[in-house]
Amino acid sequence: MKPLTDSLLSVVVPLYNEEENVVLLTSKIHEALTGYTYQIVYVDDFSRDNTKKVVNSMADPLVHLVALKKNYGQSLALAAGIDYAEGEYIITMDGDLQNDPADIPQMLSHVMEGPYDVVTGIRQKRQDSLVKKIPSKIANFLVRRVTKLDIKDNGCALKVFTRDIAKDLNLYGEMHRFITLLAHLEGAQIKQVPVKHHARHAGVSKYGLERVFKVVADMMLLLFIRKYFQRPIHLFGIFGVLLIILGVLINFYLLIIKLGFNEDIGTRPLLIFGMMFILAGIQLFTIGIVMELLIRTYYESQKKRPYRVKNVSVGGEVS
């Protein structure tokens with residue numbers, strides 16, 4: 001089949017203890033991308049087995065290995081691979097052979113035809129245990145409900161990005177689970193397509209039920225970034241003012257009791273709560289002001305603008 005593009009493709013694959021999978025994975029990528037110009041960027045996330053040795057032993061000129069100095073996790077391994085990648089189109093996938101490289105050309109076709117910047121997979125007939133499926137379903141449900149972005153399978157690692165979107169992603173923590181949402185926040189047009197999913201060829205899964213808690217924590221951070229990154233005073237300031245008002249009302253009530261009814265208020269827990277609410281409100285409001293100054297410094301020091309322009313047209317012609 002004739003390749004869809006002559007542009008360089010970069011296939012970025014984080015690896016952690018995948019010595020039994022990497023040779024077969026490389027073979028499958030070569031088979032799927034026959035006729036294309038591409039590079040395979042493996043990122044060894046400080047594997048404790050012979051993954052790095054096996055990759056180097058292949059002596060494949062199309063295979064690039066980025067070896068990290070310690071185990072940083074999948075998000076930073078992906079970030080390292082994307083930073084290194086030179087392709088006009090960047091493909092990400094897992095290294096456990098559960099994603100099928102044969103799906104890449106049909107995903108790439110959607111990006112080539114436009115107007116999509118990201119094509120993400122929806123795993124069909126998912127070959128995973130309930131220990132992986134249940135947390136994934138919970139996470140997908142939470143993301144859809146909270147973010148209003150209808151992505152059916154946030155956990156599918158097989159994705160195709162245009163270069164500019166991939167390079168603008170800021171991955172850290174466990175943010176690889178929300179990479180599609182991050183792309184959406186960058187203004188990307190996203191398409192979802194069904195992809196094949198296979199049982200793990202070898203090795204053991206690195207995920208369990210504990211990732212639900214990581215997903216919730218990272219989702220809260222993303223929600224803050226999405227809604228309040230450019231206006232943190234609207235979040236902290238509002239809560240701060242509400243707490244201050246509540247504290248003032250409590251103390252005003254106690255003042256009336258003290259002056260009007262001559263009752264002792266010094267031993268009442270309500271007095272402590274009133275003062276705590278006022279102090280907490282002042283702290284939250286102060287945090288809002290400090291964060292506003294930090295956001296302004298973030299943009300102005302790097303000469304960034306708090307908006308992104310997709311394109312400009314003059315006389316109907318896009319420039």
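Owing to the predicted nature of the structure, the values given are computational and were not obtained by experimental measurement.
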Minimum heavy-atom distance [X]-[Y], with the two atoms named:
X: Pro3; Y: Gly35; value: CG-O, 3.4 Å
X: Asn99; Y: Cys156; value: ND2-SG, 4.3 Å
X: Ala199; Y: Gln98; value: C-CG, 4.0 Å
X: Phe46; Y: Asn71; value: CB-N, 3.4 Å
X: Asn21; Y: Asp96; value: ND2-CA, 3.9 Å
X: Asp117; Y: Gly187; value: OD2-O, 4.1 Å

Quiz item: What do the steps show when you test Gln192 against Asp150 for side chain to side chain donor-acceptor pair (under 3.5 Å), and what is the final call?
Solution: CA-CA 10 Å; Gln192 304 173 75; Asp150 186 23; 5.2 Å; no

Find the distance between [atom1] ([X]) and [atom2] ([Y]) and round it off to the nearest 0.5 Å.
X: Lys196; Y: Asp103; atom1: NZ; atom2: CG; value: 3.5 Å
X: Met107; Y: Lys159; atom1: CE; atom2: NZ; value: 7.5 Å
X: Ile82; Y: Ser10; atom1: CD1; atom2: OG; value: 10.0 Å
X: Gln39; Y: Ile90; atom1: CD; atom2: CD1; value: 8.5 Å
X: Arg163; Y: Glu88; atom1: CZ; atom2: CD; value: 6.0 Å
X: Glu263; Y: Ile256; atom1: CD; atom2: CD1; value: 12.0 Å

Are the side chains of [Y] and [X] in contact, using a 4.5 Å heavy-atom criterion?
X: Phe277; Y: Asn251; answer: no
X: Leu62; Y: Ile29; answer: no
X: Gln106; Y: Val195; answer: yes
X: Arg48; Y: Tyr16; answer: yes
X: His30; Y: Asp60; answer: yes
X: Tyr36; Y: Leu4; answer: yes
X: Gln283; Y: Leu243; answer: no
X: Val66; Y: Asp83; answer: no

Practice problem: Report the C-alpha distance between Thr5 and Thr37 in whole Å, list the side-chain angles of each, state the deciding distance to 0.1 Å, and finish with yes or no for side chain to side chain contact (heavy atoms under 4.5 Å, CB included). | Solution: CA-CA 8 Å; Thr5 178; Thr37 304; over 6 Å; no

Would a single hydrophobic cluster contain both [Y] and [X], if residues Ile, Leu, Val, Met, Phe, Trp and Tyr are joined by side-chain heavy-atom contacts under 4.5 Å?
X: Leu181; Y: Ile190; result: yes
X: Ile245; Y: Phe239; result: no
X: Leu284; Y: Met291; result: yes
X: Leu255; Y: Leu279; result: no
X: Leu8; Y: Met112; result: no

Exercise. Dump the intermediate steps for side chain to side chain contact (heavy atoms under 4.5 Å, CB included) on Leu270 and Tyr253, then the final yes or no.
Key: CA-CA 10 Å; Leu270 197 58; Tyr253 164 73; 3.9 Å; yes

Practice problem: Would you please test Leu242 and Leu246 for side chain to side chain contact (heavy atoms under 4.5 Å, CB included) and show each step? | Solution: CA-CA 6 Å; Leu242 289 176; Leu246 182 58; over 6 Å; no

Quiz item: Are the side chain of Glu292 and the backbone of Ile233 linked by a donor-acceptor contact shorter than 3.5 Å?
Solution: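 Present.
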
Exercise. State which residue, out of Asn17, Leu68, Thr51, fulfils the side chain to side chain contact (heavy atoms under 4.5 Å, CB included) condition with Asp45.
Key: Leu68

Just wondering, more than 12 heavy atoms not from [X] lying within 6.0 Å of its [atom1]?
X: Asp264; atom1: CG; result: yes
X: Lys167; atom1: NZ; result: yes
X: Tyr38; atom1: OH; result: yes

Practice problem: Show the numbers, then the answer: is there a side chain to side chain contact (heavy atoms under 4.5 Å, CB included) between Gln74 and Asp94? | Solution: CA-CA 10 Å; Gln74 189 170 350; Asp94 280 338; 3.1 Å; yes

